[in-house]
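Heads up: the structure comes next, in structure tokens.
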There are 2 protein chains.
Amino acid sequence: MPTQRRTPGRRPNAADEERLPLSPDRIAEAALRLIDRDGLDALSMRKLGVELGVEAMALYHHFPNKGRVLDAVMDLLVREIDVPPPGSAPALARLRQALRSYRGIALRHPHAFPLLAARRFNSEGAFAVYERLLQAFAELGLPPQRSAWWFRATGNLASGTGLADIASRELVPDATPLTLQREPASVALPPHVAAVAPYLTADRLDEAFEFALDVMFDALERDARRLRRPN
Amino acid sequence: MPTQRRTPGRRPNAADEERLPLSPDRIAEAALRLIDRDGLDALSMRKLGVELGVEAMALYHHFPNKGRVLDAVMDLLVREIDVPPPGSAPALARLRQALRSYRGIALRHPHAFPLLAARRFNSEGAFAVYERLLQAFAELGLPPQRSAWWFRATGNLASGTGLADIASRELVPDATPLTLQREPASVALPPHVAAVAPYLTADRLDEAFEFALDVMFDALERDARRLRRPN
DNA sequence: ACCTGAACACCGTTCAAGT
DNA sequence: ACCTGAACACCGTTCAAGT
């Protein structure tokens with residue numbers, strides 16, 4: 001892209017975008033768009049400025065630094081988590097749907113998902129999601145400590161899976177080419193690795209995740225049943 | 001740190017380090033040291049040069065770019081995964097030990113661990129680890145597809161847990177302060193979140209992980225038993 | 001109140017040159 | 001073969017200035 005010429009008073013609108021006043025929301029949305037398009041490393045305050053038709057330094061009027069912009073992007077992603085509200089379905093079904101939709105973010109926003117997995121959720125939106133999830137665990141009859149543990153176990157499984165799925169699709173910046181998914185025998189794989197490789201190709205990762213969810217939810221259901229009628 | 005004066009012919013050895021000849025191993029070790037000390041974002045080719053008493057550009061004689069340096073750091077971490085060899089213990093015990101030691105890397109190298117979780121393992125060392133793990137699953141009598149699924153489920157749980165544990169310890173660069181771990185009621189938490197918060201403090205994350213491992217391994221053992229004597 | 005533009009202290013990487 | 005040093009095209013952020 002050639003450097004844009006700009007006349008002093010009137011700047012060109014980048015990317016056929018209306019010249020609306022800047023706002024935290026508009027900035028966060030542009031940042032997510034840029035990350036989705038070019039990758040996390042490509043997000044810079046300067047490019048974000050260009051995307052919005054504004055000098056980079058104008059952004060500092062709405063965010064104190066780049067870290068807070070990333071937090072705002074995280075919050076956009078958190079809002080994509082679909083946790084059905086209490087009463088809309090049985091607790092187990094709501095939890096399962098929430099985990100599926102969380103891991104789904106990895107597929108829709110592969111470049112941005114690592115933010116969710118690696119940075120702490122700490123926004124209003126995140127607490128709302130937490131609350132609905134924990135409400136569902138409580139509904140199963142689990143005491144708080146048990147809810148806490150199940151909450152972590154299932155959530156960590158989903159975020160670990162999202163990250164692994166992204167890596168398997170070679171969407172990590174700078175990654176070396178994957179041997180596992182190459183045409184067979186481009187490199188000699190160790191025997192047990194070779195045996196499982198066909199089941200871990202990118203197009204079969206959904207099955208693997210559903211299996212893991214089955215394992216977790218079978219155990220969760222049994223745990224809840226056992227706790228409800230104590231022998 | 002003030003800029004070091006340097007006389008043309010003789011550079012000062014950085015960090016009281018012997019002036020050994022550069023090698024990929026020495027570079028990777030210095031990179032990991034630097035990441036452990038100052039964080040992943042603080043690793044630059046220039047600082048890595050200073051750490052080794054060398055101009056940054058000398059590194060390009062051993063690695064084509066920074067991405068390959070990070071791959072080498074990953075490989076150092078992979079070698080810290082302790083997968084007991086076949087015969088040394090029952091298969092389930094070996095697997096459990098491997099997952100514990102993998103997640104342990106998150107605690108020993110919190111700044112570097114995200115590399116492991118987000119980048120694809122693709123080195124010789126990684127394949128050796130894979131092979132030993134998959135050998136253990138096969139030993140349980142699982143067919144390849146089942147091994148593949150259990151491999152992903154347990155591995156993803158461990159890496160998701162490692163990342164969450166790092167975030168809980170506020171070791172993520174740029175993170176906003178955590179409300180969950182603050183002195184009680186600095187901010188009003190939603191009721192179910194407030195109820196579980198005491199069980200998710202940094203000092204209780206080991207218990208939560210052991211619970212998740214129990215869930216996984218109980219189910220794995222049952223699955224293996226069921227597959228061995230088909231009804 | 002909101003945005004610009006120059007400046008500072010950094011980056012990764014290329015390239016020609018030195019030994 | 002191995003390393004240097006200048007250069008290029010970038011960064012995040014500060015600051016004084018414009019409207």
Side-chain angles (χ1 to χ4, degrees), chain A residues 1-14 17-28 30-31 34-35 38-73 115 173-175, chain B residues 1-14 17-28 30-31 34-35 38-73 115 173-175:
Chain A
M1 226 197 296
T3 331
Q4 283 176 318
R5 284 295 288 285
R6 35 187 62 184
T7 37
R10 205 76 195 90
R11 266 152 291 83
N13 306 339
E17 176 145 8
E18 297 286 317
R19 190 63 202 296
L20 301 167
L22 238 38
S23 74
D25 274 353
R26 253 169 57 74
I27 293 170
L34 219 151
I35 292 169
D38 301 329
L40 196 52
D41 291 347
L43 177 68
S44 75
M45 297 301 268
R46 286 162 146 104
K47 285 190 200 143
L48 190 48
V50 171
E51 178 82 9
L52 289 159
V54 118
E55 290 297 313
M57 305 318 137
L59 306 171
Y60 285 87
H61 209 269
H62 302 270
F63 289 99
N65 55 46
K66 187 180 173 181
R68 291 302 83 77
V69 176
L70 291 176
D71 286 341
V73 171
L115 286 176
D174 257 335
Chain B
M1 223 196 300
T3 332
Q4 283 176 318
R5 285 295 287 284
R6 33 186 65 182
T7 38
R10 204 74 195 92
R11 267 151 293 83
N13 305 341
E17 175 146 7
E18 297 287 318
R19 189 62 201 293
L20 301 167
L22 238 36
S23 75
D25 274 353
R26 252 171 55 74
I27 293 171
L34 219 150
I35 293 168
D38 301 330
L40 196 51
D41 291 346
L43 177 67
S44 74
M45 298 300 269
R46 285 162 147 105
K47 285 189 200 142
L48 190 48
V50 171
E51 178 81 10
L52 289 159
V54 116
E55 290 295 314
M57 306 317 137
L59 305 171
Y60 285 86
H61 209 270
H62 302 270
F63 290 98
N65 54 48
K66 188 180 171 181
R68 293 300 85 75
V69 176
L70 291 176
D71 285 342
V73 171
L115 286 176
D174 255 337

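All values derive from a computational prediction rather than experimental measurement. Here is how names work: the chains are called A, B, and so on, in the same order as the sequence lines, proteins then strands, and each is numbered from 1.
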To the nearest 0.5 angstrom, please state how far the [atom1] atom of [X] sits from the [atom2] atom of [Y].
X      : Y     : atom1 : atom2 : value
A:L52  : A:I27 : CG    : CD1   : 6.5 Å
B:L115 : B:L40 : CG    : CG    : 5.0 Å
A:S44  : A:K47 : OG    : NZ    : 5.0 Å

Which heavy atom of A:E51 sits nearest to which heavy atom of A:A30, and what is that distance? CG-CB, 3.9 Å
Looking only at heavy atoms, which two atoms of A:V73 and A:A31 are closest? And how far apart? CG2-CB, 3.7 Å
Symbol by symbol from the 5' end, with Watson-Crick or G-U pairs under 3.5 Å, [ ] crossing and | another strand, DNA chain D is ||.|||||...|||||.||
From D:dC2, C:dT13, C:dC3, nucleotide with atom closest to B:Y60 side chain: C:dT13
From D:dC3, D:dG5, D:dT14, pick the nucleotide closest to the side chain of B:M57? D:dG5
Report the C-alpha separation of B:V69 and B:L59 in whole Å, then their side-chain angles, then the decisive distance to 0.1 Å, and conclude whether the side-chain contact (heavy atoms from CB on, under 4.5 Å) test is met. CA-CA 9 Å; B:V69 176; B:L59 305 171; 6.0 Å; no
Send over the distance from [X] [atom1] to [N] [atom2], rounded to a whole Å.
X     : N      : atom1 : atom2 : value
A:R68 : D:dG12 : CZ    : P     : 15 Å
B:L22 : D:dC3  : CG    : C1'   : 9 Å
A:E55 : D:dT13 : CD    : P     : 16 Å
A:H61 : D:dG18 : NE2   : P     : 17 Å
B:D41 : C:dG12 : CG    : P     : 11 Å
A:L48 : C:dC3  : CG    : C1'   : 15 Å

Give the C-alpha distance, both sets of side-chain angles, the deciding distance and a yes or no for side-chain contact (heavy atoms from CB on, under 4.5 Å) between B:L22 and B:H61. CA-CA 9 Å; B:L22 238 36; B:H61 209 270; over 6 Å; no
Could you list, one pair per line, each protein nitrogen or oxygen that sits under 3.5 Å from a nitrogen or oxygen of nucleotides 9-11 of chain D, together with the distance?
| unit_1 | atom_1 | unit_2 | atom_2 | d |
| --- | --- | --- | --- | --- |
| D:dC11 | OP1 | A:S44 | OG | 3.4 |
| D:dC11 | OP1 | A:K47 | NZ | 3.2 |
| D:dC11 | N4 | A:R46 | NH2 | 3.4 |

Looking at A:D25 and A:A28, would you say the former's side chain and the latter's main chain have a donor-acceptor pair under 3.5 Å? no
A:K66 side chain to A:M45 backbone, donor-acceptor under 3.5 Å: no
Give a yes/no answer on whether the side chain of B:H62 brings an N or O atom under 4.0 Å of OP1 or OP2 in D:dC3. yes
